[in-house]
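Since the structure comes first, as structure tokens, the remarks are kept for the end.
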Amino acid sequence: MNITMRQFQIFEAVAQHLSYTRAADLLYLSQPAVSMQIKQLESEVGMPLFERLGKKLFLTDAGQELLIYARNISQQLLELDDVLDEIRGGERGRLTIAVATTANYFALKLLGEFYKRFSGTVINFDVTNRESLLNHLNDNTADMVIMGRPPEGMDVEATPFLDNPLVVIAPKEHRLAREKNIPLSVLQQETFIMREHGSGTRIAMERFFEQSGYSISSVMEMSSNEAINQAVEAGLGLGIVSRHTLELELALGRLAVLDVELFPIMRNWYLVHRKGKRLTALMESFKDLVIDETSTILKS
Ligand code: PGA
């Protein structure tokens with residue numbers, strides 16, 4: 001196959017915005033120039049990459065596959081750029097970090113500290129759930145990921161650096177708020193507000209109940225910890241969240257952490273990157289800061 005970098009770049013822009021016009025604008029090209037490059041790329045690939053249904057443009061299966069590779073190659077080129085910069089002794093560097101929604105409560109503090117030390121860094125930061133973090137690792141679209149459990153079946157280096165206890169929360173005045181060692185069977189009679197499927201918190205919680213032989217029912221699903229905390233406070237049900245999400249609520253006395261048997265569910269936060277990934281000095285510095293200094297930074 002004879003594909004040029006320029007074609008990849010144009011393809012990525014069209015695929016991202018699903019619009020020839022928008023891609024042309026972004027790349028300062030004419031719309032016919034963009035169409036021509038995509039046509040050439042399609043003839044190289046031997047299959048259409050886009051299909052138009054009504055007014056909308058969609059990626060075909062081949063297009064979706066090509067997009068994964070195109071992004072990977074772009075990421076690799078950016079890495080090459082950084083490596084070359086380093087060799088030139090340049091100060092500039094780039095860091096792409098993706099963190100679990102729940103880790104965002106402390107990750108920004110770590111990034112803030114890092115930025116103080118390496119202010120020339122351009123940081124790309126994505127906050128998302130576990131499922132998307134796995135995609136980031138798989139597609140090499142993040143240098144490093146902070147997540148609640150390293151992926152199985154993927155060649156990664158994962159270092160635990162902070163604990164992540166999951167606790168049961170209730171409104172301050174809930175009748176269970178003053179009970180001690182509440183049996184799991186009592187929780188079965190309550191309704192819960194849960195995180196969405198794909199969330200690490202949700203998976204850990206489901207595993208816990210599966211192993212303990214109990215099950216709990218949900219009244220609602222939410223993809224934000226803040227929303228769960230607020231819904232619990234409003235009396236819509238109980239919740240199971242990471243203690244990291246509760247700093248403010250507990251300080252303001254808005255919620256109670258229930259004393260439930262076998263709780264908290266003890267988990268860890270891991271810094272994860274693909275094995276064999278070429279880490280620039282900047283990435284190494286970030287890794288060192290997270291692994292060695294998180295506890296100190298979070299206390300400060
Ligand atoms: P999440 O957190 O629930 O925000 O996806 C990740 C995890 O705890 O594994």
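Order of listing sets the numbers, starting from 1, for every ligand and every atom in it. Quick note: numbers below take in every heavy atom, side chains included, and nothing from hydrogens, waters or symmetry partners.
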Review point. Phe208 and Phe263: aromatic ring centres closer than 6.0 Å?
Key: yes
Check your understanding: Can you tell me the protein heavy atom closest to atom 4 (O) of ligand 1 and the distance?
Key -> Thr102 OG1, 2.8 Å
**Study point:** Backbone or side-chain N or O of Trp269 under 3.5 Å from ligand 1 N or O
**Key:** no
Check your understanding: Donor-acceptor pair, Arg274 side chain versus Leu137 backbone, under 3.5 Å?
Key -> yes
Review point. Hey, which atoms in ligand 1 end up nearer than 4.0 Å to a heavy atom of Ala100?
Key: 2 (O), 6 (C)
Exercise for review: Answer yes or no for Glu131: is there a heavy-atom contact with ligand 1 below 4.0 Å?
Suggested key: no
Check your understanding: Is the backbone of Val219 close enough, under 3.5 Å, to the side chain of Thr191 for a donor and an acceptor to pair up by distance?
Key -> no
Revision key, fill the gap. For atom 3 (O) of ligand 1, the closest protein heavy atom turns out to be Thr201 OG1, 2.6 Å
Review point. Given the side-chain rings of Tyr214 and Phe209, with only the six-membered ring counted for Trp, is the space between their centroids under 6.0 Å?
Key: no
Practice item. Could you walk me through whether Phe58 and Phe50 pass side chain to side chain contact (heavy atoms under 4.5 Å, CB included), step by step? Key: CA-CA 5 Å; Phe58 292 88; Phe50 294 97; over 6 Å; no
Exercise for review: Return the residue, atom name and 0.1 Å-rounded distance of the protein heavy atom closest to atom 5 (O) of ligand 1.
Suggested key: Gly200 N, 2.9 Å
Check your understanding: More than 12 heavy atoms of other residues, nucleotides or ligands under 6.0 Å from CG of Asp61: is that the case?
Key -> no
Review point. Can you list the ligand 1 atoms lying under 4.0 Å from a non-hydrogen atom of Arg267?
Key: 7 (C), 8 (O), 9 (O)
Exercise for review: Consider only side-chain heavy atoms of I, L, V, M, F, W and Y, link residues closer than 4.5 Å, and tell whether Met205 and Val232 are in one cluster.
Suggested key: no
Check your understanding: Can an N or O of Gly198 be found at a distance shorter than 3.5 Å from an N or O of ligand 1?
Key -> no
**Study point:** Heavy-atom check, side chain of Pro264 versus side chain of Met266, under 4.5 Å
**Key:** yes
Practice item. May I ask you to check if ligand 1 and Asn129 share an N or O to N or O distance below 3.5 Å? Key: no
Check your understanding: Taking only heavy atoms of Thr101, which atoms of ligand 1 are found under 4.0 Å from at least one of them?
Key -> 4 (O)
**Study point:** Partner set under salt bridge (charged side-chain N to carboxylate O under 4.0 Å, His left out) for Arg149, not counting sequence neighbours
**Key:** Glu152
Check your understanding: Can you check whether Arg202 has an N/O within less than 3.5 Å of an N/O in ligand 1?
Key -> no
Practice item. Could you list the atoms of ligand 1 found under 4.0 angstrom from a heavy atom of Arg195? Key: 1 (P), 3 (O), 4 (O), 5 (O)
Revision key, fill the gap. Per-atom filter on ligand 1: closer than 4.0 angstrom to a heavy atom of Gly148 are 7 (C), 9 (O)
